[in-house]
Amino acid sequence: EKVQFILVQSSAASRLIYLMAGEVAAAEVTGVKNLSSAEAAAEEEKLRLLREAVHALPVNAVKDLWSIGACVRCIFRLFGLHELMCSHPSLSISKWCDILEDVMRKKDGEFNEQSHQERSRETNFCKICLGILQFLYYDDTGTLVKKYSADDFAVVISEPVKQQYQQIESFSLEVSLPSAVTENDQAVWLYMKNKYRHELWFQEKAECQFISTKDILKLLVINPSQRLLGVKSTQSSFRVRLTYSHSDALSRDDVQEGNGGNKRRKTDKAGFTGDLKTTGESVTPHVESFDSHIVDGDGLTKVCPKEAQDLSCNNLMAQLDKVGKPCSLTIHCCRSSTYIGGRYLKYSRNVSQTRWVIDDERMGEASVEEIIGGAILPIFQGDNYKFHAAGREDIDVRMLGTGRPFLVEIQNARQVPSEALIKEIEKKINSLESQYVQVKNLRAVGSQGWDLMREGEAEKQKQYAALVWISRPVSDEDLQTISSLKELKVAQKTPIRVLHRRSPLEREKTIHWMQVERVSGSSQYLLLHLCTQAGTYIKEFVHGDFGRTQPSIGSILGCRTEILQLDVTDVKMDCFQEE
């Protein structure tokens, strides 16, 4: 093979390393960074402890794992050395091979030839982890990518975060693996248990000794990712998901699904799809069908094999040979929904609350949803938005007074504006030329915005002003009759106008109070002010809806009544009031 020699200068000395077939094959370049004497001593102590731990490994078992195609990181984790391995994120896989080979060669002179042959295996992929712990994968373009250390791979993870999101306070790392990886973990452990269960070194180890591929990957990259992003990894509204997929593994999963092996799939609010199984901060999309798990005190998922199962070397190799190439990796970043709350006022009788289309024809000139959401979404640079309000008014009803509480849910916001910028958004909406809609008390709220909206929603009261026509002249007695009614109970069947989309039920509502004014210049018009329980159909309370609302203004006055105009003048809820 062609060997290229590259001279690398460092502060200590010039060192010679060689690259064989594009792979770092012999030595790790050290001394590039100027370490203090204390830091250098600490690093040396870590390496010493690592070598001591490797020295305690059984040579025959290590050679066995080499022979079945395990990468060096899988070997280390299978022997429970994950803490030492994760404390050296800058070491390349070649350096790990060096350490393992040096120690094993001192214990067994025959190890050198085999390990040299197996060293070339690192240019291929591990049959157990399918290249995941080698940081070997196909990217979105189908190009095979290899990163040599956890630090290098953490750069790949952090780049899309830095490019797309200007500010994050923390992050949660999630890993999704094909079920074949878990099956391989299970098979290798069962093989080791079957072959070495009578040996002292195996008996001294805990039954559930080694950590899963997924958790080792997270442990390897968490600390480097935290350093690169400058924030901590914890339960967070901002998530980074590494999704590993495999065409061979997918075909096997499809077979399992056809046999009822997989649970139903669902999509979470952030747009992630999978058979969701939460362990700690991760969400695992595949159901591992034939293993059980134990989660220990540090939150790691440890594989605990079933006693009845057995696995020979031939069966193990058949299991590992089912997949013949590395996985594909997709990195997806997503922020949980961000909420902006406030109150809106609607001054037009031709603007719906949400976009309204019937038979491809738009109803009304605009919608509250589009006016407010259209102004907010570009500032937050989100994927989409949803509009939520505390009730709704008809398209021909104005919303006046203190306004109606609302929330705009921005999905995957890449920018979280300051309080001052949110006030600028409020001014922008209120200065629109159309003047259909205005907002007030606009502010960023957390998920507790939902609690604010729901709090007291069932008991909230609404006030209205209605222009009413009656079929005879209004008398003073009529005004007195209506104004004297307090806490009036009304039985309302589902109105005819909404019966096509609402259940045919009868609901009891309360009219808390009413006041009536004459309209100057006409004896058959009156202005009705009323305060009602939420959910009362006001139009039907006025005209009776052909007797489906009892009593009604028409039945109380003993004449025909019609409602000509209606305004909501107050929605009595505490949320998003003036501070």
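Residues take their numbers from the sequence shown, with the count starting at 1. This structure is a prediction, so every number in the text was calculated from the model and none was measured. Computed from heavy atoms alone, side chains included, the values below leave out hydrogens, waters and symmetry copies.
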Do [X] and [Y] have side chains that get closer than 4.5 Å, going by heavy atoms?
{"X": "S367", "Y": "S352", "answer": "yes"}
{"X": "M514", "Y": "F541", "answer": "yes"}
{"X": "I470", "Y": "E562", "answer": "no"}
{"X": "V161", "Y": "F171", "answer": "no"}
{"X": "M573", "Y": "Q461", "answer": "no"}
{"X": "I379", "Y": "L421", "answer": "yes"}
{"X": "I340", "Y": "V445", "answer": "no"}
{"X": "L407", "Y": "F387", "answer": "no"}

Testing R404, R398, K462 for salt bridge (Lys or Arg N to Asp or Glu O under 4.0 Å) with D567, which one passes?
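Of R404, R398, K462, salt bridge (Lys or Arg N to Asp or Glu O under 4.0 Å) with D567 is met by R398 alone.
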Basic-acidic side-chain contact under 4.0 Å: [X], [Y]:
{"X": "R227", "Y": "D151", "result": "yes"}
{"X": "R335", "Y": "D383", "result": "no"}
{"X": "K539", "Y": "E393", "result": "no"}
{"X": "D476", "Y": "R518", "result": "yes"}
{"X": "E540", "Y": "R497", "result": "yes"}
{"X": "K386", "Y": "E409", "result": "no"}
{"X": "R349", "Y": "D396", "result": "no"}

Is the closest side-chain donor-acceptor distance between T141 and D139 under 3.5 Å?
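Yes.
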Between Q463 and H529, is there a side-chain donor-acceptor contact under 3.5 Å, judged purely by atom types and distance?
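There is no such pair (donor and acceptor under 3.5 Å, judged by atom type) between the side chains of H529 and Q463.
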Would you say [X] has more than 12 foreign heavy atoms packed within less than 6.0 Å of its [atom1]?
{"X": "E169", "atom1": "CD", "answer": "no"}
{"X": "Q167", "atom1": "CD", "answer": "yes"}
{"X": "K232", "atom1": "NZ", "answer": "no"}
{"X": "K427", "atom1": "NZ", "answer": "no"}

Please work out which of the three classes, parallel, tilted or perpendicular, describes the rings of Y165 and F238, given edges at 30° and 60°.
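Answer is perpendicular, since the angle exceeds 60°.
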Going by the angle between their ring planes, with limits at 30° and 60°, are F153 and Y137 parallel, tilted or perpendicular?
perpendicular
At their closest point, which heavy atom of P405 faces which heavy atom of V571, and how far apart are they?
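Heavy-atom minimum between the residues: CD-CG1, 4.0 Å.
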S336 vs S237, test: side-chain hydrogen bond (donor to acceptor under 3.5 Å, both in side chains). Steps then yes/no.
CA-CA 5 Å; S336 296; S237 62; 5.3 Å; no
